[in-house]
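Notes follow the structure.
Lettering of chains follows the sequences in order, A, B, ..., and the numbering in each one begins at 1.
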There are 2 protein chains.
Amino acid sequence: MILNKTTEYALTILGFMATRNENMYSAEYLHQQLNIPCRYLRRLLTDLSKHGFLKSSSVRNGGFVFAKDLKEINLALVINKLEGIDAICTCILGFSCCIVDKPWIMHEPWMEARSKMVETLTNTTLADLKEKYQIDPIKNI
Amino acid sequence: MILNKTTEYALTILGFMATRNENMYSAEYLHQQLNIPCRYLRRLLTDLSKHGFLKSSSVRNGGFVFAKDLKEINLALVINKLEGIDAICTCILGFSCCIVDKPWIMHEPWMEARSKMVETLTNTTLADLKEKYQIDPIKNI
DNA sequence: ATATATTACTACCTTTTTATAGTATTTAAT
DNA sequence: ATTAAATACTATAAAAAGGTAGTAATATAT
């Protein structure tokens, strides 16, 4: 009931980028700012590009920028892409031992709890975070 | 944002036990019914006893029964005991990279989403599940 | 054209989680 | 006292997640 590290990193990266006004973020820069293991961070940035959140330019002074409008990226979307919630589960509703004709006893309370969480996460976009937490690039710490 | 297997197993076991009317559940019986790896299940049952949810009797015709009233066991409690949510986090609020004077940008939306989930899970006890899903021991499948 | 600052790919290592195996312990029924 | 049906303990194996290293690819500034 907690995010895994990879997802935590991804949210940290996207949240950081969303609340600054740089026009390009290199892996090296993000590594310095966010204290995420360097090589793992790079791999994750590539993944975030493949997932369509970022686009990369591997050129001098290159790095990563958002591939779409911040309004279009909500937190549930990021979590789903990274944790593959839809893909992993044999049961469309979330649990391996939960099958259609003999559902898991915990199915209903769990899904109720989970859907409330997902609702909140879906309603929060990176644009919302930017609005709330934007950091002035001049006194950028 | 998904439960780990161990927690899933634990909820499955406790939910199963809560909705039947046997007076004793052996590891072997639970294994047959729930399709959880046998040896792992046994260890988990011991853990659930140590956590105070069950009590065991290692005697002929022994097994496991609840150690307390079903009303006193809510789902958040089980999850917390198994996933050690309180213990793991250096930040009291849930994230390793989130420190008091420089909180994680995602802190607020994540905590809001999470607390809604926890609220629902806290409000669901095994007694509620029993009431809703109790299975007649005669036609017990 | 070349050098350079960057990302991309692939293989591998480490740590954590999940699962198994062997043996010891418990205690009621006999 | 012995047997037997159960759990308890400890070590280890297998699988998954997290992290590292080396090298290739990209394409612009020079």
Side-chain angles (χ1 to χ4, degrees), chain A residues 1-13 17 22-32 34-67 79 82-85 87-89 95-97, chain B residues 1-13 17 22-32 34-67 79 82-85 87-89 95-97:
Chain A
M1 218 197 52
I2 229 172
L3 299 174
N4 64 34
K5 282 227 169 192
T6 303
T7 309
E8 184 183 332
Y9 290 157
L11 290 177
T12 300
I13 294 162
M17 288 175 64
E22 312 290 339
N23 48 9
M24 188 64 85
Y25 299 81
S26 73
E28 184 52 32
Y29 175 68
L30 291 170
H31 167 61
Q32 285 163 10
L34 299 175
N35 208 31
I36 296 169
C38 188
R39 265 15 224 324
Y40 201 62
L41 170 70
R42 284 164 189 277
R43 248 177 40 178
L44 184 49
L45 286 166
T46 302
D47 289 348
L48 289 172
S49 301
K50 284 182 184 159
H51 284 130
F53 297 120
L54 302 178
K55 58 189 173 195
S56 67
S57 123
S58 43
V59 84
R60 194 186 312 205
N61 299 318
F64 298 85
V65 289
F66 282 106
I79 294 171
L82 284 157
E83 304 202 346
I85 284 174
I88 286 168
C89 306
F95 268 88
S96 46
C97 57
Chain B
M1 217 198 55
I2 229 172
L3 299 172
N4 65 33
K5 280 226 171 194
T6 303
T7 309
E8 184 182 331
Y9 290 158
L11 289 177
T12 301
I13 293 162
M17 288 175 64
E22 311 291 339
N23 48 9
M24 189 63 87
Y25 298 82
S26 73
E28 184 54 32
Y29 175 67
L30 291 170
H31 166 62
Q32 285 162 11
L34 299 175
N35 206 31
I36 296 170
C38 189
R39 267 10 228 323
Y40 200 63
L41 169 70
R42 284 165 189 277
R43 251 180 34 180
L44 184 49
L45 286 166
T46 302
D47 290 347
L48 289 172
S49 301
K50 286 182 183 160
H51 284 129
F53 298 119
L54 302 179
K55 58 189 173 195
S56 67
S57 119
S58 41
V59 86
R60 194 186 313 204
N61 300 319
F64 298 84
V65 289
F66 283 105
I79 295 171
L82 284 158
E83 304 202 344
I85 282 174
I88 285 168
C89 307
F95 269 89
S96 46
C97 55

Whole angstrom value for the distance that separates P of D:dG18 from CD of A:Glu8: 10 Å
query: Between B:Leu44 (CG) and C:dT20 (P), how many Å, whole number?
result: 13 Å
message: Angle between the two end axes of the helix from C:dA1-D:dT30 to C:dT30-D:dA1, five base pairs per end, rounded to 10 degrees?
response: 10°
task: Could you state the atom-to-atom distance from OH of B:Tyr9 to C1' of C:dT20 in whole Å?
output: 13 Å
task: Could you tell me whether the side chain of A:His31 reaches within less than 4.5 Å of the side chain of A:Cys38, counting heavy atoms only?
output: yes
- request: State, with a plain yes or no, whether a side-chain heavy atom of B:Glu28 is found less than 4.5 Å away from one of B:Arg42.
  value: yes
- request: Write down the distance between CE (A:Met24) and P (D:dA27), rounded to a whole number of angstrom.
  value: 13 Å
field: Integer-rounded Å distance: C:dT15 P and A:Asn4 CG
entry: 19 Å
query: Tell me: NZ of A:Lys5 to C1' of D:dA16, nearest whole Å?
result: 16 Å
query: According to a strict under-4.0 Å criterion, is A:Tyr40 in side-chain N/O contact with OP1 or OP2 of D:dA17?
result: no
- prompt: Closest approach of B:Gly52 and B:Ala67, non-hydrogen atoms and distance?
  reply: O-CB, 3.4 Å
statement: Heavy-atom nearest pair, A:Glu83 first then A:Thr7, reads OE2-OG1, 2.8 Å
query: Can you find a pair of side-chain heavy atoms, one from A:Thr6 and one from A:Leu44, that are under 4.5 Å apart?
result: yes
Closest heavy-atom pair and its distance - B:Leu82, B:His51: CD2-CE1, 4.4 Å
- prompt: Roughly how far, to the nearest 0.5 Å, is OH of A:Tyr25 from CG of A:Leu30?
  reply: 8.0 Å
statement: Closest heavy-atom pair, A:Gly63 versus A:Met24, reported as atoms and distance to 0.1 Å, is C-SD, 3.4 Å
statement: Which of A:Leu48, A:Ile13, A:Leu54 passes side chain to side chain contact (heavy atoms under 4.5 Å, CB included) with A:Phe64? Answer is A:Leu54
field: Whole angstrom value for the distance that separates C1' of C:dC9 from CG of A:Leu41
entry: 16 Å
field: nucleotides 1-9 of chain D: protein proximity per nucleotide (B base, S sugar-phosphate only, - neither; heavy atom, under 4.0 Å)
entry: --BSBBBSS
